[in-house]
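Here is the structure we will look at.
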Amino acid sequence: MALENSVFPSCPDSLSLPAEGKGEKVEVANEATASTGVFNLSEELGHVVTTETVPSPSTPAKVNRSFRSKLAEREANVNQHRKKTQGAEKERGRFGWVRTRRKRQRYVEKNGRCNVQHGNMRETYRYLTDIFTTLVDLNWRCSLFVFVMAYAVTWLFFGAIWYLIAYCRGDLDHLEDTAWTPCVNNVNGFISAFLFSIETETTIGYGYRVITDQCPVGTMLLLLQAILGSMVNAFMVGCMFVKISQPNKRAETLVFSKHAVISLRDDKLCLMFRVGDLRSSHIVGANMRAKLIKSKQTQEGEFIPLDQTDISVGFETGDDRLFLVSPLVISHEIDAHSPFWDMSHAQLEKEDFEIVVILEGMVEATGMTCQGRSSYLAEELLWGHRFSPMMCLAEGFFDIDYGNFHHTFEVNTPSCSARELSLAAARLDAHLYWSISSRLDEEPTLSNQVAKQLDSSSGNSKGGEPTLILGEMTDIQEQTGLGELNGNVATDQSESEA
């Protein structure tokens, strides 16, 4: 039994086709089971073709699946194949042309490394003028190579000179002559001269090879090697000590949150990120700075790539000076002086910028200045989020859970810009101000109307019905109280006549 070119406008939960015989049914089984049938689905035409085959007695029956599950599985496979073939994310341009969205190149990596390489430098001699800093800035492989070569070259150089002195004086020709006084005793070749050079420069002094008083040239060379050896020791040991004690690795324990958030704090939009120190030894005099890296074009048409703009994190109030004992949330209030003053949630998704945060301080153990850096791209800013708390009070101390360091949660945040939010707040304040002022100006008019009504009522009734007068006064007072509670301006004629 086969059903061909059948179009289903809606996908039923299960598909069962009647057979020609009574009581016989065609079941749609698994695609992998070739014994029960073959199921083919065309996405473009929407046709379903099933063919029935005689089941094999040796093959066990599989669990039947509905038509909806088969269709969902087929669509998932097709979508997965399309994602693989498409590759990068593509967008449509203004005229419908396909364009690939370029990934933003970081100026500063998340680990603090500056992604900048200097090229075409012709004044390389300037590196030699500050040779100490140049050696300190080398990587460890080059530093160890320079360290070993500095000692090996000086030992070989002075060893060659000692051998040359022994050769020129003829000490090598009188090795067996006991009456001959050599320049250096027991120097019979280059190897022995090299060993004497090492003993002299390192001040080992085994006592086997000794310089005699019959060689003034050797005495001068001994003084020169001792002085130069001390200078080489001081220079190379100083370089290695500074390189070992560099505070660069101290910044590895200064952590920044993976994302920055934008939410309300004291009814103002704020840009916030979290920073913490993993070590028990503190950073003394910690100071926080932030920079906005964004290219811009001036009014004169000059293009400034990667322009740097300061982001205030509390410099005016002193909040940028941190006591970094526990993780802190650094906040930047988005005000009129902020570069994000006109940026809304929708505009943030289209912007292309980078925020570089810098934490500086002095290492408590060594007294050297350390700097930790990180950066946030525009897609790493979460609008309407807030950092989860990570501190709780334990028995006798405060417990900090670093598992929630990068965790955020959503909060109610307006999607408008800080400028629009400020204008809306100003309109509300102005409306309340003018409502209260107008109400105060109308209070003498209301009192005069009440006095007139009292006079007219007393003249007509002559003391007959004071209850009605009191009722009218009560109505006026109630209307006045309602107007004040609602904050409305009582300017209508109906309210004044009431």
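Below, all heavy atoms of this structure are taken into account, side chains as well, without hydrogens, waters or symmetry copies.
- Comment: Arg279 does not engage Glu364 in a salt bridge, judged by the lack of any side-chain N to carboxylate O separation of less than 4.0 angstrom.
- With respect to Asp277 and Arg250, a salt bridge is recorded, a charged nitrogen being found less than 4.0 Å from a carboxylate O.
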- Report the C-alpha separation of Glu354 and Arg106 in whole Å, then their side-chain angles, then the decisive distance to 0.1 Å, and conclude whether the side chain to side chain contact (heavy atoms under 4.5 Å, CB included) test is met. CA-CA 7 Å; Glu354 182 177 356; Arg106 286 186 178 273; 4.1 Å; yes
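- Atom-to-atom distance recorded for Asn412:CG and Arg386:CZ is 9.0 Å, nearest 0.5 angstrom.
- Looking only at side-chain heavy atoms (C-beta outward), Val108 and Val116 stay at 4.5 Å or farther from each other.
- Expressed to the nearest 0.5 Å, how far CE of Met236 lies from OG1 of Thr154 amounts to 10.0 Å.
- Counting heavy atoms of neighbouring residues, nucleotides and ligands inside a 6.0 Å radius, atom CZ of Phe409 exceeds 12 of them.
- Taking all atoms of both residues into account, the shortest heavy-atom contact from Leu269 to Thr413 is CD2-CG2, 3.8 Å.
- When side chains are defined from C-beta on, Leu254 counts as touching Cys370, because their heavy atoms get closer than 4.5 Å.
- Contact record, His407 with Ser388: ND1-OG, 2.5 Å, taken as the closest heavy-atom pair.
- Distance alone, capped at 3.5 Å, is enough to place a donor-acceptor pair between the Lys110 side chain and the Ser375 backbone.
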- Message: One pair to check against side chain to side chain contact (heavy atoms under 4.5 Å, CB included): Asp401 and Asn404. What are the steps and the verdict?
- Response: CA-CA 6 Å; Asp401 183 13; Asn404 296 330; 3.6 Å; yes
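- Here CZ of Phe387 is found 7.5 Å from CZ of Phe405. Values are rounded to the nearest 0.5 Å.
- With 3.5 Å as the limit, one finds a donor-acceptor pair spanning the side chains of Glu316 and Ser312.
- Contact of the Pro327 side chain with the Ile400 side chain is registered, since non-hydrogen atoms from C-beta on lie closer than 4.5 Å.
- Closest approach of Ser143 to Lys243, counting heavy atoms only: OG-CE, 3.3 Å.
- The aromatic rings of Phe340 and Phe353 sit tilted relative to each other, their planes meeting at an angle between 30° and 60°.
- One distance of note links CD1 of Ile293 with CG of Leu377; it measures 11.5 Å at 0.5 Å rounding.
- Across Lys258 and His406, no two heavy atoms sit closer than the pair N-ND1, 3.0 Å.
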- Task: Apply side chain to side chain contact (heavy atoms under 4.5 Å, CB included) to the pair Ser417 and Met343, showing each step before the final yes or no.
- Result: CA-CA 5 Å; Ser417 64; Met343 186 177 299; 5.6 Å; no
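- A donor-acceptor contact shorter than 3.5 Å links the side chain of His282 to the backbone of Ser280.
- Within 6.0 Å of the CD atom in Glu410, the count of heavy atoms belonging to other residues, nucleotides or ligands does not exceed 12.
- Here the side chains of Tyr107 and Lys291 are not in contact, with every heavy-atom distance at 4.5 Å or above.
- For the pair Leu359 and Ile283, the minimum side-chain heavy-atom distance is 4.5 Å or more.
- Proximity of a side-chain donor or acceptor of Thr134 to a complementary backbone N or O of Asp130 within less than 3.5 Å is detected.
- In terms of heavy atoms, Ser257 sits closest to Tyr376 at O-OH, 2.8 Å.
- Using cut-offs of 30° and 60° for the angle between ring planes, the Phe273 and Phe256 rings count as tilted.
- Heavy atoms of other residues, nucleotides or ligands lying less than 6.0 angstrom from CE of Met231 number 12 at most.
- Smallest separation of non-hydrogen atoms from Arg265 and Val329: NH2-CG1, 4.0 Å.
- Side-chain atoms of Leu348 and Lys350, non-hydrogen and from C-beta on, never get closer than 4.5 Å to each other.
- Looking at Phe303 and Ser295, their side chains come closer than 4.5 Å, going by heavy atoms from C-beta outward.
- Residue Thr408 is tested with Arg274, His259, His385 for a side chain to side chain donor-acceptor pair (under 3.5 Å); the sole match is His385.
- The pair Glu360-Arg289 meets the salt-bridge criterion, since a charged nitrogen lies less than 4.0 angstrom from a carboxylate oxygen.
- Between the Thr129 side chain and the Arg126 main chain, a donor and an acceptor come within less than 3.5 Å of each other.
- A side-chain N or O of Ser197 and one of Gln225 form a donor-acceptor pair less than 3.5 Å apart.
- Between Trp155 and Tyr151, the two ring planes are tilted [angle within 30° to 60°].
- With Val313 as the partner, the side-chain contact (heavy atoms from CB on, under 4.5 Å) test is satisfied by one option alone out of Leu271, Val357, Ile330: Ile330.
- Within 6.0 Å of atom OH in Tyr402, more than 12 heavy atoms from other residues, nucleotides or ligands are found, so the atom counts as buried in its surroundings.
- Within a 6.0 Å radius of CZ in Phe145, no more than 12 heavy atoms belonging to other residues, nucleotides or ligands are found.
- Expressed to the nearest 0.5 Å, how far NZ of Lys268 lies from OG of Ser338 amounts to 12.5 Å.
- At most 12 heavy atoms of other shown residues, nucleotides or ligands fall within 6.0 angstrom of atom CG in Asp267.
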- Message: Apply side chain to side chain contact (heavy atoms under 4.5 Å, CB included) to residues Val146 and Leu135 and explain how you reach the verdict.
- Response: CA-CA 8 Å; Val146 171; Leu135 293 178; 4.0 Å; yes
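- Residue Phe235 holds its CZ atom at 13.5 Å from CG of Leu228, rounded to the nearest 0.5 Å.
- Residues Ile262 and Met272 fail the side-chain proximity criterion, which asks for heavy atoms closer than 4.5 Å.
- Counting non-hydrogen atoms of neighbouring residues, nucleotides and ligands closer than 6.0 angstrom, the CG atom of Asp399 exceeds 12 such neighbours.
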